[in-house]
2 protein chains.
Amino acid sequence: MYTAGIDLGGTRVRVGIIDEEYRLLYWEEAFSEVGLGYEHTLTVIFGLLDRAKEKYVYNRIGICAPGPLDHRSGVLLDPPNLQSWGNVAIVDLVRDRVNVPVFLLNDANAAALSEARSGAGKGYESVWFTTVSTGVGSGYVHEGKLIQGAGGCAGEIGNMIIVPDGAVHSNLNPGALEAYASGTALTRISIEKYGWAGGAQEAIERAIAGEKEAIKLIDQTMTYLAIGLANVVHTVNPDVFVMGGGVMTHHEYLLPILKAKTNERVYDSLKGTFDFTYAAYGVEAGVIGAATYASLKLNVTI
Amino acid sequence: MYTAGIDLGGTRVRVGIIDEEYRLLYWEEAFSEVGLGYEHTLTVIFGLLDRAKEKYVYNRIGICAPGPLDHRSGVLLDPPNLQSWGNVAIVDLVRDRVNVPVFLLNDANAAALSEARSGAGKGYESVWFTTVSTGVGSGYVHEGKLIQGAGGCAGEIGNMIIVPDGAVHSNLNPGALEAYASGTALTRISIEKYGWAGGAQEAIERAIAGEKEAIKLIDQTMTYLAIGLANVVHTVNPDVFVMGGGVMTHHEYLLPILKAKTNERVYDSLKGTFDFTYAAYGVEAGVIGAATYASLKLNVTI
């Protein structure tokens, strides 16, 4: 039994096939060209699915996409990253074409599930995955099961308030974590305050090289991120934090800092009782996670 | 099949019996007299258990107690509220006397489980219980199951950081929620700033009566509590918040304020999608929750 996964992103769409042990057997990607409308992107997806079908017979499909979306009804709710699409009933549209059960979840949740089931979080009872790139997104997997929450917004810690009446950042709460600890925030400060055109990556590389201003900036960013993670500890107390996303690429430098700062902000009895690890999957995380999600939906018929 | 519950508190110890539908059939309380040492309090507990046994045959026991504690090994870890006891292997001590399986959990978690299974949170998929009294404590029940976390500290939102580098409060993080939104915090401000000897309750009653200074103070306290709950929404997104504890007694006045302020701090798509309700249980919550926890531990032998 094989399962297909679709990772629908603002730039690229990826389709892959996994087996029953969540191993990625095949995958292909194309430009999603979302500016041409959702009907066009669907045509791209159907082309990729048809080619995958030449290799493997799959009996269900998981789709991950940027939020907001309603995972229960399978509808995209006008996601900012998929410009001007409005609400799209993507599960119905794909199922009507392919005639197998189709499931939808958000992309950070898909990545979390891939890491928990077959990646860096495998074997832990409770896994908290956080990706730090343009934004800050998370997913929470407890005993192998994704917890999405009443409105599908479990893991949306980018909107966690860490500074009351703090900085405003797009449609988030004033003082939200994402305004302080995202790649966007780090890049903005790097350019505006220091003139480092390379943004977040340049700041991190300068810190690794030993430049004191950069070390201080990265230290500050990791402090805010650690406040967010310590708050997660005192909310669900996961066994492991799996960290991914572009900002965490230099994980060998960043993870020890983040780990130390998070442990400074938890009860004494908790210090050192949870792990930090770098994500096992990169660009394939969404496809594997979406397919894993669908493969776990047992006994479902159209 | 009946189950016994023990609620071991700093002032009183309570013992009760529930049936398979978590109904409280019998209960009795006594002073715990913790200052006389744990051996003395155990004698009190055994007396209460013996009298309960004259009425009902119970085949397992749940104990709840103030943290910190290790629910896996069944050991109290020198809890501040049980003075000078040090570490006490309470599960072993009770089991050796009574010869039935014994389980331990913290008191806020027990109250959360009682509310989720048979109280104000019954019927919801995901229940977040918060008690606001001396401190701020919580418990999280997902699909009827208590999530305690790697170190047993899920729901310890009293230690959630909401003001970086903020006020210091006992052994918590600087800027922790409990320093801003607990009964202790409200009482301190009421006395020190306004001279209201009746503390938190007097402040709330003055606000209800329409006194503007009191209204402003309660508003500020509920704002901080709402920041904490909004952060819980963006972490696990529960279906319902069940609120209990002495500070929430005037729930008809406080809950609408708390609900409005929490909804102001979540994504637009989430506003109004989760409920707020007042706890169904009062002083009996711990006994019912501890017994419920034990009754859910199926197929366990000594």
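Letters go in sequence order (proteins before strands), and every chain restarts at 1.
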What are the atom names and distances for all donor-acceptor pairs below 3.5 Å between chain A and chain B?
residue, atom, partner, partner atom, Å
A/Glu143, OE1, B/Lys145, NZ, 2.7
A/Glu143, OE2, B/Lys145, NZ, 3.1
A/Lys145, NZ, B/Glu143, OE1, 2.7
A/Lys145, NZ, B/Glu143, OE2, 3.1
A/Ala150, N, B/Asn237, O, 2.7
A/Gly155, N, B/Thr235, O, 2.9
A/Glu156, N, B/His234, O, 2.9
A/Glu156, OE1, B/Tyr267, OH, 3.4
A/Ile157, N, B/His234, O, 3.4
A/Asn159, ND2, B/His234, NE2, 3.1
A/Ile161, N, B/Asn231, OD1, 2.7
A/Ile161, O, B/Asn231, ND2, 3.0
A/Asn173, ND2, B/Arg265, O, 2.6
A/Asn231, OD1, B/Ile161, N, 2.7
A/Asn231, ND2, B/Ile161, O, 3.0
A/His234, O, B/Glu156, N, 2.9
A/His234, O, B/Ile157, N, 3.4
A/His234, NE2, B/Asn159, ND2, 3.1
A/Thr235, O, B/Gly155, N, 2.9
A/Asn237, O, B/Ala150, N, 2.7
A/Arg265, O, B/Asn173, ND2, 2.7
A/Tyr267, OH, B/Glu156, OE1, 3.4

Top contributor to chain B contacts, counting heavy-atom pairs under 4.5 Å, from A/Gly149, A/Gly228, A/Ala150, A/Pro68: A/Ala150

Min side-chain heavy-atom separation B/Pro164-A/Val163 under 4.5 Å: yes

Closest-packed option against chain A by number of heavy-atom pairs under 4.5 Å, given B/Ile147, B/Ile157, B/Leu177: B/Ile147

Gap between atom CD1 of A/Ile161 and atom CD1 of B/Ile161 - 0.5 Å precision: 14.5 Å

Part of B/Leu172 lying under 4.5 Å from any heavy atom of chain A: side chain

Part of A/Val266 within contact of chain B (heavy atom distance under 4.5 Å): backbone

Residue pair B/Ile162 / A/Ile162, side-chain heavy-atom distance below 4.5 Å: no

